[in-house]
2 protein chains.
Amino acid sequence: MKVLVVDDEPQIRRALRTSLEAHGYEVATVGTGDEGVVAAAGARPELILLDLGLPDMDGTEVIRRIRAFSEVPIIVLSVRESQADKVAALDAGADDYVTKPFGIEELLARSRAALRRRGGEEPTTPTPTFGALQVDLAKQLVTLDGEPVHLTPTEYGLLEALATNPGKLLTHQWLLRRVWGQGYGTETTYLRTYIRTLRKKLGDDASAPALIVTEPGVGYRWIAEPSG
Amino acid sequence: MKVLVVDDEPQIRRALRTSLEAHGYEVATVGTGDEGVVAAAGARPELILLDLGLPDMDGTEVIRRIRAFSEVPIIVLSVRESQADKVAALDAGADDYVTKPFGIEELLARSRAALRRRGGEEPTTPTPTFGALQVDLAKQLVTLDGEPVHLTPTEYGLLEALATNPGKLLTHQWLLRRVWGQGYGTETTYLRTYIRTLRKKLGDDASAPALIVTEPGVGYRWIAEPSG
DNA sequence: CGCAGGCGTGAAGAAGGCGTGAAGACGCCC
DNA sequence: GGGCGTCTTCACGCCTTCTTCACGCCTGCG
């Protein structure tokens, strides 16, 4: 049973490693959010213990990025006790939220509970591939024929929304809310603009699409077949 | 979304009911562990909020009894903060453990997290299939002999109305209301036009129909046999 | 046998959405 | 403060889609 510990304080990492290994878990530790996302994709742990107070990245952002490609249980460890922090982390996709200092027995029990719930394996691919196009959801890196493609944050967000829902018809409103936020829903000109740059950068043709199909009046559809 | 609250204190029951109903949940409340187990079996709630300090039965026993027949998420509410209590409840099968007093926002967030996990079991949308014709309702994708068929929103809406009611006679008015909206009901020319394009795109013949039969003066009927 | 209504067929006008290209506004880093 | 990348907005021409109409056929009825 592999567990990934993401925490910037070495003594906490050490303490967690000791306790977890004593209970038969296999433990990997990293110190930054970025490493955490990469390790979640690479090492494929079955449980992640995530400290919210990381130096390099907001904790909810780490959760969101891991959730882009994995359903692995995430238990948040945090010194912050405010409800807003808890709500934000849980709604970002965390499974549980434990405030420091916590008892190791409680943490282990919550880990067991989280693992018990996730009985089945999830087949989600960390890096969906479509022919020459590869989308590394962990590193947020897109390559075409092996060449990295530079995308702005909005462009990447749109691509992620499309590529993680292959074949599905995604409405204007759904895409706008997912990429731009809850307050959006009618700004179809944004979509047209960014779909255009995406098509251009990914070498797609609107009149003979191989990746993104326009569903007039409704939305867009990612039609490329996953090939990895 | 049905929630069952098991708590012996009436004011807590009332407070939870108010908060939960304000957020769109359907709430049932009981005051004893025994009633809780019965209600969990009978009312089939999708989430249970369980107070540990019940007068008639030990909290972990309630959890165990419910777990004997249901995987419904259980969030424990308790005044006891000891690790031993938390471990016991979680290992008995609880999904989460919240100590009173708790913030309602946090409880709601934890409820969403618990529901999200359980609901994660892909709410399998049926994909009606009729020989070579396949209607993927989740993706809103129609394929004929494996080839995607492009339909306009109105065409798809009409097909969905027909294909999800196989064998049933659907009147002009019913179809118009469903596809075009409440304000319609007499525009049978619309129906004729779109039934025609549907037949053309799906390879059906009006004079020898295999999919859509005209019921003169009344409406239309989807006669294809579901085959999957 | 003639007629009327409903249906299938074909087509065309109109409205709105889309792709395209570009330019201004904004925020951020140096 | 300046420069750059990114986001937002606009105008234009084209194309899809919706809506409407006309015509011929069939059916049922008187």
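- C:dC7 atom C1' lies 17 Å from atom CZ of B:Arg221, rounded to whole Å.
- Within 4.0 Å (heavy atoms only), B:Ser207 reaches no atom of the nucleic acid at all.
- Ion pair B:Arg196/B:Glu155 not flagged as a salt bridge, since none of the NZ, NE, NH1 or NH2 atoms sits closer than 4.0 Å to an Asp/Glu carboxylate oxygen.
- The pair A:Arg80-A:Asp51 does not count as a salt bridge, with every side-chain nitrogen at least 4.0 angstrom from each carboxylate oxygen.
- For A:Pro216, the listed nucleotide lying nearest its side chain is D:dT16; candidates were D:dT9, C:dG8, D:dT16.
- Ring centers of B:Trp174 and B:Tyr220: at least 6.0 Å apart, outside the cut-off.
- Contacts of B:Tyr220 with the nucleic acid, taken as non-hydrogen atoms under 4.0 Å apart, involve only primed sugar atoms and P, OP1 or OP2.
- Residue A:Pro153 has its side chain nearest to D:dC7 when only D:dC7, C:dG19, C:dA22 are considered.
- In this structure, B:Leu151 places its CG atom 15 Å from C1' of D:dC18, rounding to the nearest Å.
- Ranking C:dC7, D:dT9, C:dG8 by closeness to the B:Ala206 side chain, first place goes to C:dG8.
- Look at CG on A:Leu198: it is 12 Å from P on C:dG19, rounded to the nearest Å.
- Distances from the side chain of B:Arg199 to the nucleotides C:dC18, D:dC18, C:dG8 place C:dG8 closest.
- At D:dT19, one or more side-chain N or O atoms of B:Trp180 fall inside 4.0 Å of OP1 or OP2 (strictly under the cut-off).
- In this structure, the CG atom of A:Leu158 is 14 Å from the C1' atom of D:dC7, given to the nearest Å.
- Using a distance-only test at 3.5 Å, with no hydrogens or angles considered, no donor-acceptor pair links the side chain of A:Thr171 to the main chain of A:Leu169.
- Within the nucleic acid shown, A:Thr154 comes within 4.0 Å of sugar-phosphate atoms alone, with no base atom in reach, counting heavy atoms only.
- At D:dC7, one or more side-chain N or O atoms of A:Thr152 fall inside 4.0 Å of OP1 or OP2 (strictly under the cut-off).
- Atom OH of A:Tyr190 and atom C1' of C:dG19 are 18 Å apart (whole Å).
- Between the side chain of A:Arg192 and the base of C:dG19, at least one donor-acceptor pair of N or O atoms lies under 3.5 Å.
- In summary, B:Glu26 and B:Lys2 do not engage in a salt bridge, as defined by a charged side-chain N under 4.0 Å from a carboxylate O.
- Proximity of B:Thr214 to the phosphate of C:dG8: a side-chain N or O atom is located under 4.0 Å from OP1 or OP2.
- Summarising the geometry, the separation between CD on B:Glu187 and P on D:dC21 is reported as 12 Å, rounded to the nearest angstrom.
- Residue A:Arg196 contributes atom CZ, which lies 16 Å from atom P of D:dT6 at whole-angstrom precision.
- B:His150 has no side-chain polar atom (N or O) that falls below the 4.0 Å cut-off from OP1 or OP2 of D:dT16.
- Straight-line distance from the CG atom of B:Leu176 to the P atom of D:dC18: 14 Å, rounded to whole Å.
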